[in-house]
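These notes concern the structure reproduced below.
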There are 2 protein chains.
Amino acid sequence: MDNLYKALADKTRRKILELLKKSDMTVNEIGKHFPISGASLSHHLDILKRARLVISEREGQYIRYSLNVSVFEDIMKNIINLLQK
Amino acid sequence: MDNLYKALADKTRRKILELLKKSDMTVNEIGKHFPISGASLSHHLDILKRARLVISEREGQYIRYSLNVSVFEDIMKNIINLLQK
DNA sequence: TAGATATTTAGACAATTATCTAATTGTATA
DNA sequence: TATACAATTAGATAATTGTCTAAATATCTA
């Protein structure tokens with residue numbers, strides 16, 4: 001859970017998730033929406049991947065990222081759990 | 001939203017929320033559960049307060065903290081929103 | 001196979017965050 | 001009012017995190 005909350009704690013990463021919910025994207029396509037280097041972007045994607053919030057799949061020369069919807073369920077459960085006695 | 005996610009990104013703070021869900025507590029009572037100084041604890045409580053995750057109320061010599069349940073609803077909505085197209 | 005493009009990895013640096021001790025503020029009570 | 005206890009604030013330091021450039025790896029195509 002720690003990885004998950006840490007991954008969500010950054011604005012850029014949340015914006016990446018927002019983009020990916022609309023459609024899967026390659027790193028390059030994602031990068032067009034941010035004023036950061038490819039290396040930094042790659043680093044953010046790595047954090048999202050470790051948190052299992054996204055899935056990556058190579059497609060020839062490109063790597064395509066998509067949301068891993070199932071993990072969002074885990075977050076929701078955890079937040080609900082923060083409230084239940 | 002940024003404050004909120006940042007507040008949740010720390011293990012100690014999530015544990016504080018876990019404690020408060022069971023019952024309201026004074027700073028001293030909360031502190032008994034953590035191996036950190038009162039000053040650090042106060043800092044964490046401040047972050048939780050700014051994120052509106054907790055509410056503080058002075059009771060004479062003590063300050064009593066409690067969960068602000070309504071904000072959890074906001075988080076849930078935001079997470080659901082990360083999924084909706 | 002060589003050159004081009006896509007992405008990641010390595011290593012350095014700057015910004016942010018968590019922690020500490022010491023000092024301060026607020027309240028209770030002897 | 002003086003002392004004790006509760007909590008916060010100030011200022012310093014160490015750890016973590018986000019960013020960069022340069023180098024490495026993977027794939028495609030001429």
Side-chain angles (χ1 to χ4, degrees), chain A residues 1-20 22-68 71 75 82, chain B residues 1-20 22-68 71 75 82:
Chain A
M1 270 299 152
D2 198 48
N3 282 348
L4 207 44
Y5 281 115
K6 285 221 167 82
L8 289 170
D10 181 89
K11 234 172 217 164
T12 298
R13 289 194 290 269
R14 289 197 304 277
K15 203 171 153 195
I16 291 172
L17 296 175
E18 291 270 359
L19 286 173
L20 291 179
K22 290 181 207 138
S23 67
D24 303 353
M25 283 179 154
T26 66
V27 178
N28 233 324
E29 286 169 336
I30 297 169
K32 284 177 193 148
H33 297 81
F34 302 94
I36 59 175
S37 71
S40 293
L41 179 57
S42 197
H43 177 238
H44 284 305
L45 290 171
D46 186 51
I47 288 169
L48 290 171
K49 209 159 40 172
R50 284 169 194 276
R52 304 197 310 121
L53 283 162
V54 302
I55 294 165
S56 70
E57 214 175 348
R58 184 172 278 280
E59 275 186 8
Q61 197 176 3
Y62 306 90
I63 295 181
R64 180 166 293 276
Y65 279 80
S66 56
L67 283 193
N68 180 20
V71 171
I75 307 171
L82 278 179
Chain B
M1 270 298 152
D2 198 48
N3 281 348
L4 208 45
Y5 282 114
K6 285 221 167 81
L8 289 169
D10 181 272
K11 235 174 215 162
T12 298
R13 289 193 290 268
R14 290 198 304 278
K15 203 172 154 198
I16 291 172
L17 296 175
E18 290 271 357
L19 286 174
L20 291 180
K22 291 182 206 136
S23 65
D24 303 353
M25 282 179 155
T26 66
V27 179
N28 234 323
E29 286 170 338
I30 297 169
K32 284 179 190 144
H33 297 81
F34 301 95
I36 59 174
S37 70
S40 294
L41 179 57
S42 197
H43 177 238
H44 284 305
L45 290 171
D46 187 51
I47 288 168
L48 290 172
K49 209 158 41 170
R50 284 169 194 276
R52 304 197 311 120
L53 282 161
V54 301
I55 294 165
S56 71
E57 213 176 349
R58 183 171 279 279
E59 276 186 6
Q61 197 176 4
Y62 305 92
I63 294 180
R64 180 166 293 275
Y65 279 80
S66 57
L67 284 193
N68 181 21
V71 170
I75 306 171
L82 278 178

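Heavy atoms only: backbone and side chains are in, while hydrogens, waters and symmetry mates are out. Below, read A as the first sequence line, B as the second, and so on, with proteins coming before strands; counting in each chain starts at 1.
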(request) Could you tell me the separation between the CG atom of Leu41(B) and the CG atom of Asn28(B), rounded to the nearest 0.5 Å? (result) 9.0 Å

(request) Check every nucleotide of DNA chain D for an atom under 4.0 Å from a heavy-atom of chain A, then give the first and the last such nucleotide from 5' to 3'. (result) dT17(D) to dC28(D)

(request) Please name all residues satisfying side chain to side chain contact (heavy atoms under 4.5 Å, CB included) with Arg52(A), sequence neighbours left out, ordered by chain then number. (result) Asn68(A), Val71(A), Asp74(A)

(request) Grab the two heavy atoms, one from Asp2(B) and one from Arg14(A), that are nearest each other, plus how far apart they are. (result) OD1-NH2, 2.9 Å

(message) A side-chain contact here means heavy atoms from C-beta on lying under 4.5 Å apart; do Leu20(A) and Ile30(A) qualify?
(response) yes

(message) Expressed as a whole number of angstroms, how long is the span from Asn3(B):CG to dT17(C):C1'?
(response) 14 Å

(request) Identify the two heavy atoms, one from Leu4(B) and one from Ala51(B), that lie closest to each other, and give their separation to 0.1 Å. (result) CD1-O, 3.3 Å

(request) With axes from five pairs an end, tell me the bend angle of the helix from dT1(C)-dA30(D) to dA30(C)-dT1(D), nearest 10°. (result) 10°

(message) Using every non-hydrogen atom in the two residues, find where Ala7(A) and Arg13(A) come nearest and quote the distance to one decimal.
(response) O-NE, 2.8 Å

(request) Please name the pair of heavy atoms, one in Leu19(A) and one in Phe34(A), separated by the smallest distance, quoted to 0.1 Å. (result) CD1-CE1, 3.7 Å

(request) Give the minimum heavy-atom separation between Val54(B) and Leu45(B), together with the two atoms involved. (result) CG2-O, 4.2 Å

(message) I need the full list of side-chain hydrogen bond (donor to acceptor under 3.5 Å, both in side chains) pairs touching residues 30-41 of chain A, with sequence neighbours left out, sorted by first then second residue.
(response) Ser37(A)-Ser40(A)

(message) If you take any heavy atom closer than 4.0 Å to DNA chain C, which residues from residues 30-46 of chain B end up in contact?
(response) Pro35(B), Ile36(B), Ser37(B), Ala39(B), Ser40(B), His43(B), His44(B)

(request) Using atom CZ of Arg13(B) as one end and atom C1' of dA18(C) as the other, report the distance to the nearest whole Å. (result) 8 Å

(message) Any side-chain N or O of Asn28(A) below 4.0 angstrom from OP1/OP2 of dT5(C)?
(response) no

(message) Could you tell me if the side chain of Leu17(A) sits less than 4.5 Å from the side chain of Leu67(A), heavy atoms only?
(response) yes

(request) For salt bridge (charged side-chain N to carboxylate O under 4.0 Å, His left out), just list the numbers for Glu59(A) and Arg64(A), CA-CA rounded to whole Å, side-chain angles, deciding distance to a tenth of an Å, and then say yes or no. (result) CA-CA 7 Å; Glu59(A) 275 186 8; Arg64(A) 180 166 293 276; 3.1 Å; yes

(message) Restricting to non-hydrogen atoms, name the atom on Asp10(B) and the atom on His44(B) that form the minimum distance, rounded to 0.1 Å.
(response) OD1-CE1, 3.7 Å

(request) Identify, residue by residue, the members of residues 48-64 of chain A with a heavy atom below 4.0 Å from DNA chain C, and return them in order of residue number, or none. (result) Gln61(A), Tyr62(A), Ile63(A)

(request) Without swapping roles, check the side chain of Arg58(A) against the backbone of Ile63(A) for a donor-acceptor pair under 3.5 Å. (result) no

